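Working notes, structure below.
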Protein chains: 4
Amino acid sequence: MTENRIETSVKDQELIAKRRQQMIKGAISLFKEKGFHRTTTREIAKESGFSIGTLYEYIRTKEDVLFLVCDAIYEQVRKRLEDTIQSDSPSIDNLIFVVKKYFVVMDEMQEEVIIMYQEVKSLKKPAQDYVLQKERDMVNMLKEAIVTCLPDTLTELDAELLANNIFIQGQMWGFRRWILQKRFTLETYVDKQVQFLLSSLAK
Amino acid sequence: MTENRIETSVKDQELIAKRRQQMIKGAISLFKEKGFHRTTTREIAKESGFSIGTLYEYIRTKEDVLFLVCDAIYEQVRKRLEDTIQSDSPSIDNLIFVVKKYFVVMDEMQEEVIIMYQEVKSLKKPAQDYVLQKERDMVNMLKEAIVTCLPDTLTELDAELLANNIFIQGQMWGFRRWILQKRFTLETYVDKQVQFLLSSLAK
Amino acid sequence: MTENRIETSVKDQELIAKRRQQMIKGAISLFKEKGFHRTTTREIAKESGFSIGTLYEYIRTKEDVLFLVCDAIYEQVRKRLEDTIQSDSPSIDNLIFVVKKYFVVMDEMQEEVIIMYQEVKSLKKPAQDYVLQKERDMVNMLKEAIVTCLPDTLTELDAELLANNIFIQGQMWGFRRWILQKRFTLETYVDKQVQFLLSSLAK
Amino acid sequence: MTENRIETSVKDQELIAKRRQQMIKGAISLFKEKGFHRTTTREIAKESGFSIGTLYEYIRTKEDVLFLVCDAIYEQVRKRLEDTIQSDSPSIDNLIFVVKKYFVVMDEMQEEVIIMYQEVKSLKKPAQDYVLQKERDMVNMLKEAIVTCLPDTLTELDAELLANNIFIQGQMWGFRRWILQKRFTLETYVDKQVQFLLSSLAK
DNA sequence: AATGAATGAGTCTTCATTCAT
DNA sequence: CATGAATGAAGACTCATTCAT
């Protein structure tokens with residue numbers, strides 16, 4: 001579930017959801033452009049369409065905004081991954097399909113991923129833990145897909161490492177675009193990575 | 001050569017080198033702890049062992065410190081990688097040796113790598129370009145090692161992607177230690193990665 | 001109208017006018033005492049009756065304060081000169097009246113004039129041009145008064161120079177008080193200057 | 001005599017004179033460009049051709065430089081005025097000659113005069129008094145010239161005011177060049193001022 | 001006498017946060 | 001609930017001055 005722990009002066013839950021949606025959208029757009037530290041709360045308020053006073057009705061500190069943003073991004077990635085994975089017919093082809101889909105999602109969410117990579121460490125420990133747990137969950141989803149599609153082929157640990165590698169390779173497509181996207185199209189990148197993967201799995 | 005582009009009020013080149021060394025050391029220690037944005041110039045000066053005025057005799061802006069730090073870190077990684085790679089007997093075993101050594105270097109420089117990942121984007125475009133070029137250079141070194149050790153096995157592009165993957169996996173060992181180092185020792189991590197790698201290369 | 005070009009974070013126009021009034025008053029008082037460069041923004045804020053943060057809600061840079069001050073002073077002089085000049089019965093006596101009135105105004109605004117003389121050059125070119133134009137306007141007002149009251153007596157150029165001389169003599173009464181006010185009362189100064197003026201005009 | 005009151009660590013009087021000459025020249029050049037407050041002691045040292053350490057061997061504080069500069073400028077004006085005035089044949093024509101010459105000097109020393117006008121008030125009281133006394137002396141020289149050339153025509157006080165007016169008009173030629181030099185050449189300015197002067201003296 | 005590296009008090013400016021309306 | 005003016009702690013950077021060499 002999306003985070004609820006952040007205190008509010010406002011009672012109306014629907015309103016809170018709405019305002020936070022605006023806020024997250026505005027903030028992401030700004031964080032993409034200038035990063036968390038260089039973005040001011042005033043700018044966030046403005047971009048979100050309300051006043052600085054109103055902003056503080058829905059959060060307690062600036063860091064809350066970052067938390068909300070991180071949470072929202074992870075949630076989005078997770079949902080899209082989840083939709084892809086709920087496959088009924090486990091097979092290698094299915095795994096390939098899942099991986100490819102994951103890379104496409106990562107391609108579409110490049111900027112968001114960059115935010116995560118750079119700013120998560122600005123969160124205080126508890127919030128960071130909360131967010132990183134979501135990342136663990138996602139890696140786990142990949143791992144489950146691997147295990148399901150390739151039973152008896154890999155040890156738990158191998159599956160885990162593989163899931164991690166895939167997960168990272170997806171993120172890096174956006175994070176290291178300055179080097180990767182100069183030399184590869186998304187398609188060739190995906191194809192080649194999948195090919196490496198498969199051949200490493202063949203006995 | 002380490003970067004010289006940053007303006008100084010001081011003329012004595014040796015002194016500049018010495019003071020900057022102090023500065024970089026102090027700054028890295030602080031950046032590890034609290035990141036670039038949360039570290040003040042005064043703290044950097046103090047940690048470096050001189051006054052704020054002296055700090056500014058050797059740099060122009062706070063960002064210069066970050067640049068110096070990034071430059072120094074890359075340089076260090078590059079040097080260690082270079083030392084490892086200059087092998088005379090190209091072979092698969094040699095490649096494995098290089099890769100393993102690279103992982104060890106990354107293990108020893110975890111904190112520094114984290115700084116790079118999080119703060120490089122805080123540099124202005126030209127400085128960022130300069131630093132990222134160093135990263136490209138390093139990936140290239142790995143690629144050359146691959147091509148040399150495995151001639152006729154891979155296309156240029158394949159070698160490049162492989163180099164990238166290895167490079168990233170090394171970095172991630174430190175960057176994602178919260179997930180990886182909970183489940184793997186350095187040794188098992190390295191072994192398994194190398195194993196995946198090799199099997200993907202076997203014809 | 002008084003200058004509006006300076007950016008504000010505050011929207012309420014009335015409040016802006018009020019706060020700027022406070023600010024100008026406070027700043028003039030400080031500039032009189034220690035000059036622009038030796039006055040800190042904090043002092044200006046305090047003297048104006050609000051915090052440093054509030055000060056910066058109404059200006060962008062310290063120089064803005066100087067501009068506001070210069071503008072306000074010129075505006076005040078101009079207004080008082082304007083009130084005096086709108087005469088319906090042009091005559092030598094009327095001119096004399098205007099000149100004498102101008103000297104009185106200059107006497108009352110000695111300190112302000114000193115500020116202008118010393119600090120206008122600290123403004124950046126565009127602001128300086130804007131302010132100096134006001135001075136040209138005022139000289140022109142005097143020139144018009146001369147031409148109107150003494151038609152056919154002087155060439156344009158002569159009138160202009162005369163206007164300049166009068167203008168300067170007025171300002172110098174305050175600016176050079178350390179020499180003039182030791183030897184003259186305002187009254188004798190004015191009388192004598194007017195007398196020189198008249199006799200130089202007599203054919 | 002040029003000022004001697006400023007303390008020095010150096011003994012060699014000739015050297016002091018030489019270094020101060022360099023210093024004054026350098027400082028004037030800088031003050032013309034950016035004013036006293038915006039010029040740093042480092043810049044002064046550099047422009048003077050020696051190090052910051054050496055600069056402080058010949059002065060005690062930055063204000064000392066300003067004092068030296070002001071003193072030097074006044075001394076220069078005074079000397080040139082003095083040279084002109086020592087006339088043996090007092091007459092109206094002689095007075096006219098002196099006045100015209102004074103205007104020419106002022107034309108040649110415009111920038112220096114501007115410095116004086118703007119910065120003298122930055123001196124502390126005693127230094128300021130010392131410098132302003134020089135100005136009084138010069139006005140007095142003009143007054144003496146007037147009285148000598150036009151005996152029995154004017155009262156002391158009238159002569160004094162006249163001297164002041166002339167003195168100021170000379171200074172203003174440079175100080176207000178943005179308005180005067182747009183409309184007058186030096187020649188017409190001088191001619192017209194003299195003409196006004198004379199006609200005001202004719203009985 | 002000359003040098004220039006070191007110092008740190010002082011300056012302008014920003015921005016997260018509060019609170020009266 | 002919404003607004004936006006007010007606050008002041010904190011931060012980057014400058015520069016006059018000193019002093020060891």
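Lettering of chains follows the sequences in order, A, B, ..., and the numbering in each one begins at 1. Since this is a predicted model, take the numbers as computed values, not measurements.
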Given atom [atom1] of [X] and atom [atom2] of [N], what is their separation to the nearest angstrom?
X        : N       : atom1 : atom2 : value
Lys11(A) : dA2(F)  : NZ    : P     : 13 Å
Leu55(B) : dA12(F) : CG    : P     : 10 Å
Leu30(A) : dC15(E) : CG    : C1'   : 15 Å
Ile59(B) : dA12(F) : CD1   : P     : 10 Å
Arg20(B) : dA5(E)  : CZ    : P     : 13 Å
Leu15(B) : dT3(E)  : CG    : P     : 18 Å
Lys46(D) : dC15(F) : NZ    : C1'   : 16 Å
Gln13(B) : dA5(E)  : CD    : C1'   : 14 Å

Think [X] has a side-chain N or O under 4.0 angstrom from the OP1 or OP2 of [N]?
X        : N      : answer
Arg19(A) : dA2(F) : yes
Tyr58(B) : dA6(E) : yes
Thr54(C) : dT7(F) : yes

message = Pairing donors with acceptors under 3.5 angstrom, does anything connect the side chains of Ser48(D) and Arg19(D)?
response =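 No.
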
**Prompt:** Is the closest side-chain donor-acceptor distance between Ser122(D) and Arg38(C) under 3.5 Å?
**Reply:**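 Per modelled atom types, Ser122(D) and Arg38(C) side chains form no pair under 3.5 Å.
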
Can you tell me if [X] uses its side chain to pair, donor with acceptor, with the backbone of [Y] under 3.5 Å?
X         : Y         : result
Lys62(C)  : Thr39(C)  : yes
Gln133(B) : Tyr130(B) : no
Gln118(D) : Ile115(D) : no

Quiz item: Can you list every ring pair (Phe, Tyr, Trp, His ring centres under 6.0 Å) pair that touches residues 7-32 of chain B, not counting sequence neighbours?
Solution: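 Pairs touching residues 7-32 of chain B that pass the test: Phe31(B)-Phe36(B).
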
For DNA chain F, the dot-bracket notation using Watson-Crick and G-U wobble pairs below 3.5 Å, [ ] for pseudoknot-type crossings and | for other-strand pairs, is .||||||||||||||||||||

Q.
Considering every strand and a 4.0 Å limit on heavy-atom distances, what is the contact class for Arg38(A): base, sugar-phosphate, or nothing?
A.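 No contact.
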
Quick one: label Ser9(C) by what it contacts on the DNA or RNA (base, sugar-phosphate, nothing), any heavy atom closer than 4.0 Å.
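Here Ser9(C) touches the backbone only, sparing every base.
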
So, are [X] and [Y] salt-bridged, with charged N and O less than 4.0 Å apart?
X        : Y        : value
Arg60(C) : Glu7(C)  : yes
Glu47(C) : Lys25(C) : no
Arg42(D) : Glu57(B) : yes

- Query: In terms of side-chain heavy atoms of Ser51(B), which of dC1(F), dT7(E), dG4(E) is nearest?
  - Reply: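 Comparing dC1(F), dT7(E), dG4(E) against the side chain of Ser51(B), the answer is dT7(E).
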
Heavy-atom contacts, protein to nucleotides 16-21 of chain F, under 4.0 Å, summarised as B (base), S (sugar-phosphate only) or - (none) per nt, yield BBB---

